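Keep in mind that this is a model prediction, so the values were computed, not measured. This chain uses plain numbering: 1 for the first residue, then up along the sequence.
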Amino acid sequence: MKSAEIRKKFLDYFASKGHQVVASSSLVPHDDPTLLFTNAGMNQFKDVFLGFDKRPYTRATTSQKCVRAGGKHNDLENVGYTARHHTFFEMLGNFSFGDYFKRDAIQYAWELLTEVFKLPRDKLYVTVYAEDDEAYDIWTKAVGLASERVIRIGDNKGARYASDNFWMMGDTGPCGPCTEIFYDHGAEIPGGLPGTPEEDGDRYIEIWNNVFMQFNRDEAGVMHPLPKPSVDTGMGLERISAVLQHVHSNYEIDLMQALVKAAARETNCSDMESPSLRVLADHIRACSFLIADGVIPGNEGRGYVLRRIIRRAIRHGYKLGARAAFFHRMVNDLVVEMGDAYPELKDGQQRVTEVLKQEEDRFFATIEHGMAILESDLAENSGKVFNGETAFKLHDTYGFPLDLTADICRERGVSVDTAAFDSAMARQKEQARAAGKFKMATNLDYSGPTTTFHGYESLEAKGNVLALYKDGAAVNELDEGDSGVVVLDATPFYAESGGQVGDRGELRSTHGIFAVEDTQKIQATVFGHHGVVKTGKLAVGNSVAARVDVQARLRTMRNHSATHLMHKALREVLGPHVQQKGSLVDTDKTRFDFAHTQPLGDDEIRRIEQLVNAEIIANSATEARVMAIDEAQKTGAMMLFGEKYGDEVRVLDIGSSRELCGGTHVKRTGDIGLFKIVMEGGVAAGVRRIEAVTGDNALSYVQLQLAQLDDVAAQVKTPTEEAAARVAQIVDSVKALEKELARLKSKLAASQGDDLLSAVIDVKGIKVLAAQLDGADAKALRETLDKFKGKLKSAVIVLGSAADGKVTLIAGVTPDLTAKVKAGELVNAVAQQVGGKGGGRPDMAQAGGTQPEHLAAAIASVRNWVESKL
């Protein structure tokens, strides 16, 4: 029975028992900040079990995709080397939300295993919590399982309920006993029954766990019976497939074998038992599904875990002989196996492939150098500990995550000095902090009242000076010319947050004027006005009139509001995988970084501009509402992964966009005026950046572009509307001329070459030709070299040319002479004399230089250099 059929039979069985078949949730748990990845089938029902959510069904069944590769669930080092460790796996589950309980859950499990899947009853054992007499009686009396096959597991971790057979969601909250079902793989496999000293062996393997949520544990540790006990079960598809397909290892099942064969194909590996093939089979699943669910490789959080898994896969491919991107070619094989069950994988196949290819290309560019350093260090040091400083260099310079270095070292029986690695990492962070030049300090010692912000309603407000700072220290007064920080009890100034820059303006009192150059948060609700006293002085206790620079604020608001509209347009044009990765909104522009792997085409940019400007023309009113975070979630407001939100949030509706945002915005979309994208480019792997302008800045940009177009039209002497066609004609003409020039250069070089046959000399029985060909480019030199090789049959040849202050060199050695003379060494020796360096293969190599005045002498030195090698 194939894995796909097993998955379907499981879901169909529980559907026949009144369960709602629920699609797998994303691997990114959008509404649970406590989880890095979805790691169990119950994750998507957590709020239902806690009573915070209610579904239209009380029974559910799922095949949930799960990843365990970070935090406490990090068995990465074991993946590929054991029979059942994975980064990605599928959890089959059935759930009851206050509906059926122990008896039905146990009988469903037994019926499915023994009657649908037809497993031999004498191969199955179960465990129950030692105090759960109810479950014990159901197994022995209702099911009829012999008592010796029902094993009571007690508290074995030093406290009551601290048992492998007692499940708890946390220190408090829902919890209860569980019963696990084990399959006996046979006496030939070492290992003992659960609860025995030999239980860690592989003979008896857990295939199903039924958790009975029976109690609510309070802070005092007291167990209170739940009014509606529930059931949460899980059975690993890979494990049950191994049982039903009569194999011992998960990697021997049909699904994994298809991927193992794909890995062997792409790496040209003939050893089908290689652990590296199993690593690749496992990792292609984790990487592909994570990318399909919106994760991109990065340097922190989920992105870093993904990058680690990809790079571990690449290293194992490298170990098998791969020297160029190969991993991404396995995606299609995965889609064939799992695309029907998980349509998001099929729909995102192209993007998954592109992201993997991009990450592979990045790492393959450095892996060879990094591996050389690692191998050299391992060879030179026969000890059992790898230098932590070297491990950090591999991490910092060559992108080797620490666990990848540790993985390689482990294969040699060597551990890594992680303390030295951590020390080097801390040292680098401290140096980075010391080198950072911040225009203003925000770590001011302040313990007074908070600042009340009036900037949403007005750009002017009355305030009292609560504190003053000069050079980071609290003072009672600032004199004319002093730079400092002013804290007010009330202000209309927006403090930099959420990508929007702080306001500027002025504070006026009867004693002087303070020019505000920026506004930053000293604390979450305390605003610091940074600037300089222009006239008079300012003292603690003064009353001031705070006025924001109106034009600067309006420009910033236009840009910020346009950012929200652009974000929505990007998701509409490019797809839902677009996620904000950073932003900067100031008076001049909006800069927006987002997850996407490909450069945007002209048509896509135009479409985004059209969508945003259509929202502007609609001139709809902007609405901001403050509400509880859970209410905001229900409204469908976009929330940024990784952002920390308080209990109350500000939900902003601009046009058709709804996001959480504390920034300042236009009152109507029409206030934005005009939106124009001025730049699009890449800033990191899988991250693109757009810069755009609005309002009068957009108008100025468009006018400048049109003026430049008019100028181009004038230069090519054609009407503006025909300028593009005329320029295209000129470009075609230039290309034709360049092609003709190259042909003539090649012909000239060839004619010169014919004359150079007389310059061939004999050096200890070897023909040597060293010559300068004026006017020849690199292509002409190569063609001439190939021609001379053909004519001379056996020879050492060096050709050089000089143009525009640069030297081009090429060296060739016929195959019969490469054992004595190597072209790479020869061309490097010549290049060093003309201010350059180079290298290449023994039979052909190129180099360059910057001192053409030394070319003649360098060419003349070839004879002696060749002679020294013979």
Side-chain angles (χ1 to χ4, degrees), residues 323 368 733-870:
R323 292 298 180 268
E368 193 158 356
S733 297
V734 170
K735 287 180 179 178
L737 291 171
E738 287 175 343
K739 188 175 181 180
E740 177 63 15
L741 179 60
R743 188 186 67 80
L744 292 173
K745 282 184 177 181
S746 179
K747 185 176 180 180
L748 176 61
S751 64
Q752 287 179 314
D754 292 336
D755 298 335
L756 291 175
L757 284 173
S758 59
V760 175
I761 59 175
D762 183 284
V763 178
K764 293 186 177 180
I766 291 178
K767 297 174 186 175
V768 175
L769 173 61
Q772 182 172 339
L773 286 116
D774 293 326
D777 57 15
K779 181 174 180 293
L781 289 179
R782 284 194 299 272
E783 291 175 351
T784 305
L785 176 73
D786 290 340
K787 186 175 75 170
F788 274 122
K789 275 188 174 182
K791 286 186 175 182
L792 297 175
K793 306 301 183 188
S794 176
V796 174
I797 305 164
V798 176
L799 303 175
S801 68
D804 301 324
K806 295 182 180 179
V807 174
T808 304
L809 295 166
I810 190 165
V813 178
T814 52
D816 60 313
L817 300 177
T818 53
K820 299 177 181 178
V821 179
K822 296 196 169 31
E825 296 176 2
L826 172 55
V827 82
N828 189 48
V830 178
Q832 288 179 1
Q833 300 176 58
V834 294
K837 59 181 180 179
R841 304 193 310 267
D843 62 324
M844 200 279 282
Q846 291 181 245
T850 58
Q851 299 170 357
E853 65 272 17
H854 300 310
L855 178 58
I859 292 291
S861 71
V862 171
R863 174 174 185 156
N864 292 337
W865 190 91
V866 173
E867 192 170 17
S868 71
K869 297 294 180 181
L870 301 177

Taking all non-hydrogen atoms of both residues, which atom of Ile761 and which atom of Arg863 are closest, and how far apart? CD1-CD, 3.6 Å
Rounded to the nearest 0.5 Å, how far apart are CG of Leu799 and CG of Leu769? 6.0 Å
Taking all atoms of both residues into account, what is the closest heavy-atom pair of Ala778 and Gln846, and its distance? CB-NE2, 4.3 Å
To check you understand the geometry: which heavy-atom pair defines the closest contact between Gly805 and Pro852, and what is its length? O-CD, 3.7 Å
Can a salt bridge be assigned to the pair Lys779 and Glu783 using a cut-off of 4.0 Å between side-chain N and carboxylate O? yes
Side chains of Leu870 and Lys820: closer than 4.5 Å at any heavy-atom pair? yes
d(Ile797 CD1, Leu817 CG) to nearest 0.5 Å is 10.0 Å
When rounded to the nearest 0.5 Å, the distance separating OG1 of Thr808 from CZ of Arg782 is 10.0 Å
Counting N and O atoms only, with roles assigned by atom type, does the side chain of Asn828 sit under 3.5 Å from a partner on the main chain of Gly838, one being a donor and the other an acceptor? yes
Using 0.5 Å steps for rounding, measure from the CG atom of Leu773 to the CG atom of Leu781. 6.0 Å
To the nearest 0.5 Å, how far apart are CD in Glu853 and CG in Leu855? 9.5 Å
Nearest heavy-atom pair of Asp816 and Ser794: which atoms, and what distance? OD2-OG, 2.6 Å
Within the structure provided, determine whether Val763 and Val796 are in side-chain contact (heavy-atom separation under 4.5 Å). no
Should Val862 and Leu826 count as side-chain neighbours, where that means a heavy-atom distance under 4.5 Å? yes
Heavy atoms of other groups near Lys806 NZ, more than 12 under 6.0 Å: no
Sub-3.5 Å donor-acceptor pair from the side chain of Gln833 to the main-chain atoms of Ala829, do we have one? yes
Inter-residue atom distance Lys787.NZ - Leu785.CG, 0.5 Å rounding: 11.5 Å
Ignoring hydrogens, what is the shortest heavy-atom contact between Gly835 and Thr850? Give both atom names and the distance. O-OG1, 3.5 Å
Atom of Val827, atom of Ala811 and distance for their closest heavy-atom approach: CB-CB, 3.9 Å
